[in-house]
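Right, one structure below, let's go through it.
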Amino acid sequence: MDTKTTFKALTIAGSDSGGGAGIQADLKTFQELDVFGMSAITAITAQNTLGVDGVYPLSEEAVIKQIDAVSTDIGVDAIKTGMLFSSEIIEVVASKIKQYEWKNVVIDPVMIAKGGSRLLQEEAVKAIKEQLLPVSLVITPNIPEAEVLTDRTIRTLDDRKEAAKQLYDLGVKHVVIKGGHADSQNESVDLLYDGRVFDYFTRNRIDTQHTHGTGCTFAAAITAELAKGQSIPTAVGIAKDFIHAAIEDSLGIGNGHGPTNHWAYRRARGR
Ligand SMILES: Nc1ncnc2c1ncn2[C@@H]1O[C@H](COP(=O)(O)OP(=O)(O)O)[C@@H](O)[C@H]1O
Ligand SMILES: Cc1ncc(COP(=O)(O)O)c(N)n1
């Protein structure tokens with residue numbers, strides 16, 4: 001008898017033509033972690049390591065059709081959202097999460113690309129807070145995103161802890177505030193809050209400009225591990241190892257902020 005189990009994850013996000021962030025980073029990460037990846041594209045970006053040259057959102061209908069197509073046939077063990085662009089698309093995604101009763105839902109609240117281009121309309125922040133957070137398991141903001149979502153300045157670790165509590169109070173069950181944008185020269189610390197305790201995931205800070213897609217890759221790794229049934233602390237720990245290897249062993253592609261190396265984690269394990 002065939003007892004093989006295939007774990008499946010869906011990313012609902014924007015396409016990055018440069019291949020380092022967005023849908024492309026998510027699918028590569030799912031694949032590297034032995035999870036079957038599927039996608040619902042919200043917007044197409046013309047993008048490379050130098051920046052974003054165009055943003056072309058898809059209609060709500062196109063997003064709905066993609067989500068329904070994979071959910072009604074293939075099935076989904078975990079989902080991740082990235083660039084959602086507008087409050088209309090956020091509403092669609094929130095209603096699909098409820099319709100399909102998805103529990104393993106990871107929200108990476110992508111707002112602005114590292115080069116400064118907007119990937120989320122300003123007025124859509126409210127929809128993330130009011131519609132998406134109450135139906136989500138994990139949110140993974142970087143520090144600037146956590147500042148926008150909580151309307152507070154985050155300088156110290158205590159500020160971050162307060163922001164995590166504030167986000168938790170909006171209904172999301174686990175908050176990870178990433179430390180890539182923190183001041184520390186020596187380490188990059190990610191904080192996890194589950195409504196009771198704070199957990200810290202700490203690795204040395206790598207001196208590099210090649211961090212395009214780090215947030216997408218990190219959240220996709222959490223999603224892949226949740227699809228396999230791992231606990232949240234285990235999933236976050238594996239994601240931290242995955243992104244650290246990917247940044248450390250970067251590819252040196254392009255003339256600007258290059259992508260991370262999605263196969264570094266697997267190679268380091270001799271696979
Ligand atoms: N220079 C770095 N060295 C080591 N880890 C990093 C570095 N930059 C980011 N990270 C890690 O990459 C992940 C993404 O972090 P961050 O840069 O905060 O998010 P985003 O890409 O969304 O802006 C986190 O796990 C963070 O700790
Ligand atoms: C389509 C798309 N989605 C997300 C990001 C954010 O990238 P990062 O992970 O570097 O913040 C991006 N630049 N493009």
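In listed order, ligands and their atoms are each counted from 1.
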- So is there a nitrogen or oxygen of Glu145 less than 3.5 Å from a nitrogen or oxygen in ligand 1? no
- Task: May I ask you to check whether Ile247 has an N/O atom sitting below 3.5 Å from an N/O atom of ligand 1?
- Result: no
- Message: Does only the side chain of Cys216 get under 4.0 Å from ligand 2, or the backbone, or both, or neither? Count heavy atoms.
- Response: both
- Task: Look at atom 11 (O) of ligand 2 and say which protein heavy atom is nearest, naming residue and atom and giving the distance to 0.1 Å.
- Result: Lys114 NZ, 3.6 Å
- Task: Look only at interatomic distance and state if Asp190 has a nitrogen or oxygen under 3.5 Å from any nitrogen or oxygen of ligand 1.
- Result: yes
- Query: Given Met38 and Lys8, is the side chain to side chain contact (heavy atoms under 4.5 Å, CB included) satisfied, shown in steps?
  - Reply: CA-CA 8 Å; Met38 298 168 288; Lys8 295 158 284 183; 3.8 Å; yes
- Between Tyr168 and Tyr193, is the gap from one ring center to the other below 6.0 Å? yes
- Query: Mind checking whether Thr211 has an N or O less than 3.5 Å away from an N or O of ligand 1?
  - Reply: no
- Item | Sub-4.0 Å heavy-atom contact, Thr140 with ligand 1 | no
- Of all the heavy atoms in Gly213, does at least one lie under 4.0 Å from an atom in ligand 2? yes
- Note on the structure: Going by the 4.0 angstrom heavy-atom rule, the piece of Leu119 near ligand 2 is side chain
- Query: Got the closest protein heavy atom to atom 13 (N) of ligand 2, with its distance?
  - Reply: Gln47 OE1, 2.8 Å
- With side chains defined as the heavy atoms from C-beta onward, is the minimum distance between Leu137 and Trp102 less than 4.5 Å? no
- Query: Are Phe85 and Val55 side-chain neighbours, meaning at least one heavy-atom pair lies under 4.5 Å?
  - Reply: yes
- Message: Under 3.5 Å between any N/O of Gly215 and any N/O of ligand 1: does that happen in this structure?
- Response: yes
- Using the six-membered ring of Tyr265, assess whether NZ or CZ of Arg269 lies under 6.0 Å from its centre and within 45 degrees of the ring axis. yes
- Message: Can you confirm, on distance only, whether ligand 1 has an N/O atom lying under 3.5 Å from any N/O atom belonging to Thr208?
- Response: no
- Relative to atom 26 (C) of ligand 1, which among Cys216, Ser188, Ser184 owns the nearest non-hydrogen atom? Ser188
- Message: Could you check whether any heavy atom of Glu248 sits closer than 4.0 Å to an atom of ligand 1, since that is the contact criterion I want to use?
- Response: no
- Note on the structure: Logged contact type for Arg203 with ligand 1, heavy-atom cut-off 4.0 Å, is neither
- Message: For the residue pair Lys28 / Thr217, report whether a side-chain donor-acceptor contact shorter than 3.5 Å exists.
- Response: no
- Mode of Ile206 contact toward ligand 1 - side chain, backbone, both, neither (heavy atoms, under 4.0 Å): both
- Item | Atom indices of ligand 1 within 4.0 angstrom of Asn204 heavy atoms, with elements | 4 (C)
